[in-house]
Amino acid sequence: MLESRIIEIDGTFLGTVILEADRQTRRFYATHDSVRAFHNHTLKGHDDVALQVARLYRRAHASARMAATGK
């Protein structure tokens with residue numbers, strides 16, 4: 001691992017984006033259940049993983065809120 005970046009949304013730690021040895025590939029290490037689908041997901045772009053993880057988390061969080069309120 002050469003470097004890493006924490007992914008946190010609204011105070012919730014979702015995981016870490018890790019720069020691989022080729023200095024191009026980034027791998028996501030998921031720590032939150034709502035984004036487990038992206039665990040070990042790799043992409044070449046800089047923020048692609050972070051944006052996709054944030055989208056998945058927000059969608060799961062909104063669904064949970066709707067289920068809790070019955071709407």
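The residues of the chain are indexed from 1 along the displayed sequence. On a predicted model such as this, the values are computed, not experimentally measured, just so you know.
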Discussion item. Using only atom types and a distance under 3.5 Å, with no angle test, would you say the side chain of Thr16 pairs donor to acceptor with the backbone of Ile6?
Written reply: no
Worksheet item: Got a sec, which residues hit ring-ring contact (aromatic ring centres under 6.0 Å, His included) with Tyr57, two or more places apart in sequence or on another chain?
Response: His32, His61
Worksheet item: Phe28 and Leu14: which non-hydrogen atoms are nearest, and at how many Å?
Response: CZ-O, 3.6 Å
Fill in: All side-chain hydrogen bond (donor to acceptor under 3.5 Å, both in side chains) counterparts of Asn40, not counting sequence neighbours
none
Fill in: Nearest-0.5 Å distance that lies between atom CZ in Arg23 and atom CZ in Arg26
10.0 Å
Worksheet item: If you measure from the Lys or Arg side-chain nitrogens to the Asp or Glu carboxylate oxygens, is any gap between Arg27 and Glu20 under 4.0 Å?
Response: yes
Worksheet, complete the sentence: OG1 of Thr31 to CD1 of Ile7, rounded to nearest 0.5 Å, is 10.0 Å
Worksheet item: Can you list the residues that meet the salt bridge (charged side-chain N to carboxylate O under 4.0 Å, His left out) rule with Arg55, with sequence neighbours excluded?
Response: none
Worksheet, complete the sentence: Arg36 meets the side-chain hydrogen bond (donor to acceptor under 3.5 Å, both in side chains) criterion, sequence neighbours left out, with Asp33
Discussion item. Quick check for you: to the nearest 0.5 Å, what is the distance between Ser4 atom OG and Leu19 atom CG?
Written reply: 9.5 Å
Fill in: From Leu43 atom CG to Gln24 atom CD, the distance as rounded to the nearest 0.5 Å
12.5 Å
Practice prompt. Not counting sequence neighbours, which residues clear salt bridge (charged side-chain N to carboxylate O under 4.0 Å, His left out) with Asp22? List them please.
Written response: Lys44
Worksheet entry | Considering all heavy atoms, the nearest Ala30-Val35 contact | CB-O, 3.7 Å
Fill in: Tyr29: ring-ring contact (aromatic ring centres under 6.0 Å, His included) partners, not counting sequence neighbours
His39
